[in-house]
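Lettering of chains follows the sequences in order, A, B, ..., and the numbering in each one begins at 1.
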Amino acid sequence: MAVWLMKSEPDEFSINDLKHRQRENWDGVRNFQARNFMRDMRIGDTVLFYHSSCKVPAIVGLAQVSKEAHPDPSCWNPESSYYDPKSTPEAPRWDQIEVTFASILKKPLTLTLLKSIPELAGFPLITKGSRLSVMPVEENYWQVIKDKLGDI
DNA sequence: GCCAACGTTGGC
DNA sequence: GCCAACGTTGGC
């Protein structure tokens with residue numbers, strides 16, 4: 001079973017929003033690398049929910065993949081901020097997955113903390129300039145992070 | 001196929 | 001709000 005990390009701006013969609021809704025389509029991903037990672041996701045995979053572009057960037061909760069990749073209709077909607085005229089229903093370019101809420105961490109794992117852990121050097125989230133919004137969490141990194149999750 | 005220009009991400 | 005880093009676009 002794989003583990004992934006997904007970024008969301010809490011002003012747009014936070015872990016609390018996910019808790020209230022329980023399930024949510026993860027749409028709007030408009031980066032090929034991130035999309036390809038989503039295509040590798042399988043039902044039941046663990047997702048680390050990360051708050052980005054906010055006061056305290058951090059892993060704030062856990063979720064599970066509950067639907068595998070399928071076309072993201074927001075790219076066909078001219079009203080949507082995710083609209084992409086290059087994607088058509090005949091030739092879908094972008095995919096979404098669905099995640100289901102699992103838990104909110106009692107203590108978020110802040111980016112500052114994660115950066116201070118030597119074993120996490122090389123983890124894409126903390127390498128300089130990395131802007132990937134969806135990334136795999138390799139087994140060795142997952143073991144380290146899991147240790148820091150505490151009581152969930 | 002190169003690369004400059006541009007837009008976006010996201011930490012600070 | 002700034003700006004470094006990166007991805008994408010489009011002219012050539």
Side-chain angles (χ1 to χ4, degrees), chain A residues 2-21 24-41 45-65 68-99 101-138 140-150:
Chain A
V3 181
W4 308 89
L5 182 140
M6 301 184 86
K7 296 179 183 175
S8 182
E9 299 186 17
D11 289 347
E12 293 287 322
F13 189 75
S14 72
I15 189 70
N16 279 310
D17 295 329
L18 181 61
K19 184 182 183 182
H20 288 133
R21 294 206 225 172
E24 183 73 3
N25 286 320
W26 204 288
D27 61 3
V29 172
R30 295 294 179 267
N31 170 283
F32 290 105
Q33 209 180 345
R35 181 205 64 184
N36 293 342
F37 284 136
M38 289 205 298
R39 289 181 174 176
D40 290 336
M41 293 182 181
D45 280 359
T46 297
V47 173
L48 308 183
F49 196 113
Y50 178 85
H51 281 175
S52 68
S53 291
C54 56
K55 205 156 191 184
V56 185
I59 297 171
V60 292
L62 301 180
Q64 274 200 332
V65 175
E68 296 181 4
H70 54 287
D72 170 3
S74 70
C75 61
W76 304 322
N77 175 10
E79 306 294 311
S80 168
S81 53
Y82 301 132
Y83 178 59
D84 178 3
K86 289 182 179 160
S87 185
T88 63
E90 294 72 33
R93 177 185 259 215
W94 303 113
D95 282 357
Q96 61 181 351
I97 56 139
E98 184 195 74
V99 296
F101 176 79
S103 61
I104 294 181
L105 303 189
K106 285 184 179 148
K107 264 186 85 178
L109 292 182
T110 65
L111 181 61
T112 308
L113 173 75
L114 295 171
K115 280 181 167 173
S116 75
I117 303 172
E119 291 85 355
L120 291 183
F123 181 47
L125 179 74
I126 60 177
T127 59
K128 198 180 176 190
S130 167
R131 295 173 4 187
L132 261 185
S133 61
V134 177
M135 69 188 75
V137 182
E138 308 277 343
N140 55 320
Y141 299 133
W142 172 228
Q143 291 305 325
V144 174
I145 293 170
K146 199 160 66 168
D147 273 354
K148 308 282 178 186
L149 290 179

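Listed nucleotides: dG10(B), dG7(C), dG11(B). Nearest to the side chain of K7(A): dG10(B). When distances run from any side-chain atom of N31(A) to the nucleotides dG11(B), dG7(C), dG10(B), the shortest one goes to dG7(C). Listed nucleotides dT8(C), dT9(C), dG11(B) differ in distance to S52(A); the shortest reach to its side chain belongs to dG11(B). The listed nucleotides are dT8(C), dG10(B), dC12(B); the one nearest the side chain of R131(A) is dG10(B).
The CE-C1' distance, from M135(A) to dC6(C), rounds to 13 Å in whole Å. Rounded to whole Å, the distance from CD1 on I126(A) to C1' on dG11(B) is 13 Å. For the pair Q33(A) CD and dC6(C) C1', the interatomic distance rounds to 11 Å; values are reported in whole Å. Atom-to-atom, CD of E9(A) to C1' of dT8(B) comes out at 11 Å; the value is rounded to the nearest Å. Following rounding to the nearest Å, D11(A) (CG) and dG11(B) (P) show an atom-to-atom distance of 13 Å. Atom-to-atom, CZ of R35(A) to C1' of dT8(C) comes out at 14 Å; the value is rounded to the nearest Å. For the pair R30(A) CZ and dT9(C) C1', the computed distance is 17 Å after rounding to whole Å. The CG atom of D84(A) sits 11 Å away from the P atom of dT8(C) (whole-angstrom rounding).
A donor-acceptor pair under 3.5 Å is absent between the side-chain atoms of D27(A) and the main chain of Q96(A), judged by distance alone. Side-chain atoms of S130(A) come within 3.5 Å of backbone N or O of P124(A) as a donor-acceptor pair.
When the side-chain nitrogen and oxygen atoms of Y50(A) are compared with OP1 and OP2 of dT9(B), none of them lie within a distance under 4.0 Å.
By the 30° and 60° cut-offs, the orientation of the rings of F123(A) relative to Y141(A) is tilted.
Taking the ring centroids of Y82(A) and W76(A), they lie at or beyond the 6.0 Å cut-off.
Residue contacts shown for K115(A) are limited to sugar-phosphate atoms, with no base heavy atom under 4.0 Å away.
Side chains of S14(A) and N16(A): no donor on one and acceptor on the other come within 3.5 Å.
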